[in-house]
Structures are given as C-alpha cells and as structure tokens.
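Beneath this line is the structure, given in structure tokens, with notes to follow.
We're numbering straight along the sequence, starting at 1. Keep in mind that this is a model prediction, so the values were computed, not measured.
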Amino acid sequence: MDGVVEDRAAPVRLVEGVALREAVDTADPAAWVALDAGVRQSGWSAGGSRWLPAWEETAAGKALTEVLSAGAVAGPLTEAQLALALCHRKGAIREAALKRASAYPELLPLVVVRCSDWAPPVRQQARRLLTELLDAEAAVRLLPLILRIGRRGRGDFVTDLATGLLRAAAPGTLAPLCTDPHRTVRRYAYRLAVEEGHLSPTELARAAARDTDMVVQSLCADATLAAVAEGGADDDVLETLLGARGAHARAAGVTALRRAGRAERAVAFLGDRAGVVRACARYVVRQGGGDPLAWYRERCGTAGDLAPGVVSGLAECGERADADLLRALTSHPVAAVRTRAVAGLRALDVTDVERMRELLDDPAPGVVREAALALVPSARKLDDQWLMTRLGPERPRAARVAAFRLLHVHDGVVRLRAAVALIDDPDERLRYWARQVVQRWRPTADVPRGSVEVGELLDRARPLFSEYVLIRRKWEAGLKA
C-alpha cells in the first residue's frame, strides 16, 4: 500500500499515552500513512490462537480495545486514542471514531486517509466529514497527503475536493505549494495555476528558470510561450528564459526570439550544450534567413576554442561530407570535443575503424565509450585476442568495458572466453555483467562439437550453475558431464 513501511513504534507510544505530536511527525504525509498501516501491523497472540495488531498486545492497548469495542465508542477519548481508533482494523470502530474526529483538527489527515477506506460506510462517513471540515487553507496544508491518497484506488474524491476548493480560492493561495519540497506538489500547483491563469508571463518564466524539476520547467516554459504568443515578450521574460539552467526554459526563450523580432540572437545558442536548445536555435536562425550548417562548418573548421555543442550541432544537421571535419576533431585537445566528434561520426553513419580502434586508448572515458559504440557494427573484424588483452585489471575501466562490449558481439567460444575471464573481476558491475553472460551462454553453430576449451571454460564457471544446468550446457556443446 503506497510502498510504505509500517510504523510499528508509533501505535505503541500512542497507547502508552504519548501525545500525538510527539509520537508522529504530523508534518510528514508519509508518517500518517505509516501510522495507519502500523496500527494494523499484526502478530500472533501469546497463545498463538488469534491474530492481533502489535499495539493491542500491550496492557494499555488491551484496555483501550475494550473501550473502543463498546458499541459506538463510548466514553471520552484522548486525541491519541482517537487516532488509534481511526486506524483500527475493525470498520465499525473506524466509522464510530469518525463521528468524533471533528473535535480534533490535528486528526484531519487521518480523515483524509479514511476517504479511500475499503469499507463503504467508513469511506462515506469520512467523505461527509472532510467536505464539512476542509477549506482552501487546509487543502494547501494537507496537499502532499491528499495527492498521495489520491493515487490509491477510491482516492480520487480527496483530490477532486481539494482541486475544487483551490480553483475557487484567491490566486495567492497556491503560492506556498509552488515552493513545496515535494515535486509532485509543485507540479500540481503549477498546473492548476497555469490552467486558472494565475501567473503572469514573467512569473512563469522565473518558475521555468528556477525550478529543478523538468516537468515544472517544461510546463511553465510552454505556458510562457503561449502567453508570449498572445501578448508579446518583454525583455524580462526573454532574459530570464535565455539565462535559465534548464534546457526546456532556454529552448522556450530561443523560440520566443523569433516572435520578438530578435532572431539574430539565436545564433549564440547554436552551440548550446542541450540538443533541444540547438534545434530551436537552428529553426529561429533559418526563419531569419540564416544558414546554421554554414555556421557550424565555419566554427568546426577554425582552430581555437570550440564549444562541444558546436560539434554536436554539425552532426545533427550536417551531411556525410562533413565527416572530415569531425574526424579531424577526434584529435582535439579538449576531451568533450573529441567525445562529441566521435559521437557525431556515428550519427552520420561514418566509421573509420582504424581511427576508432586507436581511440580505445584515449585517456577520456567518454571518448572510449563512444569509440566502442562506433565499433560495435565492425566488432567481428577486430582481433579478438587483441581485445582479450585489454580485459586485464591494470587497464583503465573504460578500456576494459569497451573491450568486453566488443567481445560480447562475437558468438560462441569468443564470447564465453571473455565472460569467464571476468567472472571474479574486482569491478562489481563488470563482474555482474560477465556472470550474466556466462549463465545465458548457449553454443552456436560455429562452436565445434566436443570442444575441450568450452568444457574447461564451463568448469571454471561451475559455481554459477546448478549441477543440472551445467550438465545440460555441456550436453548442448557435445561434451560429457
């Protein structure tokens, strides 16, 4: 249920008389859900004859259960006792407790929880009570819990109720939710604010630039563009978007340049670090009569400082004829530029096998990774013995991973040989990968029947198989167990 671990200690503390605020972190929505589950956390009774929630096994818990079981929950109850009653395993007690919950505002979160109760009478009572007690202010305070409960089956009532209240509230009511630490809450708040038109283009732009969540960035950036399309973009909106750290916000800013009549500024973003920004910049530049491809070619062909995004931009809109420019950049002193150049050659479907082979020894892991990916289609043309020598632990990790990736492309004995060589490797991830390859290996048509080497390799990997599976593998390879 919600993937939450039950809080087994809080119910016992509540039974012992500890105040609710001391026993439960009332500001944390997860704590209420954990309490609800923890109250019903069960264990066998001392005699093993019946199933009892753990908190009921204490002397105080047994006494409280007797009170709660007395018809309509007779007698006065403290806030802590009523909290236990609202989470009780018996529906009749939960329902009776709800009739008293209005006297304890601190227990409103448990009323929210009960709105998705599996027992219809309890659920209906909780919904009636919540409709009476919940206002916009309380909805803001409880929204993290409301959204959490809303993801449950039968949980749509609480979100619908809260949404209705917040739509009718003053625009400033949503402000605290827009800075909530929970990204789910911020997404909800901004989505509602955008739908209701509560935010100006400047506020939307600042939100897109400030928020760390990509969904919020995209939502607010798109809303900014829509607002700009209607009323035009002022300098504050444009500068805020163009200076944002998030790619979606910058892309929105670049797109807005065209409508603002400032297409020439988009040139500065042709070499942006983010692909989506580069794509928007190319569109705006073309609409302004510019030629992004010529710009990329000029920059990549000129000695001096070069942003990695410029290299990627050339590959994104270039032609196979541009491969010579990219090939030359595989020797650039900046590792990021070399990495983008190798990736660009692969994107243009141009592979210089000998040059990529040399780059497997590049000191930059990113270059080695891209070179290996470029070599995958040609892996069987490489000397497998040469690749095997590169699996040694003295080699850089990137070089070892690249070699194993290329050896894995091979079939039969070569793949098994490479994987067995790494089954006891000190690198945890490489070792795991190798063991998975060994366990999934099957002899292919190019594996000689009865190969002695295959038998030796399988024996070395014996700890990875059950006795039956090992015998089966050997039989498939034409070997005796």
His198 to Leu174 - nearest heavy-atom pair and separation: CD2-CD1, 3.8 Å
Below 4.0 angstrom, N of the basic side chain to O of the carboxylate: do Arg338 and Glu370 qualify? no
Looking at Arg183 and Asp211, does any basic side-chain N land under 4.0 Å from a carboxylate oxygen? no
Determine, for Glu476 against Arg472, whether the closest basic-nitrogen to carboxylate-oxygen distance falls under 4.0 angstrom. yes
Note: Arg397-Asp425 ion pair, threshold 4.0 Å (strictly below): no
With side chain to side chain contact (heavy atoms under 4.5 Å, CB included) as the test, would you mind laying out the steps for Tyr283 and Val254 before giving the verdict? CA-CA 9 Å; Tyr283 168 77; Val254 172; over 6 Å; no
Decide whether Ser331 and Arg355 meet the rule of one side-chain donor and one side-chain acceptor closer than 3.5 Å. yes
Is a salt bridge present between Arg299 and Asp305, judged by a nitrogen-to-oxygen distance below 4.0 Å? no
With Val311, which of Leu325, Val342, Leu326 fulfils side chain to side chain contact (heavy atoms under 4.5 Å, CB included)? Leu326
Would you call Arg400 and Asp427 a salt bridge, taking side-chain N to carboxylate O under 4.0 Å as the test? no
Pairing of Arg154 and Asp117 as salt bridge, 4.0 angstrom limit: no
Check for a donor-acceptor pair, side chain of Arg286 on one end and backbone N or O of Asp291 on the other, with a separation under 3.5 Å. no
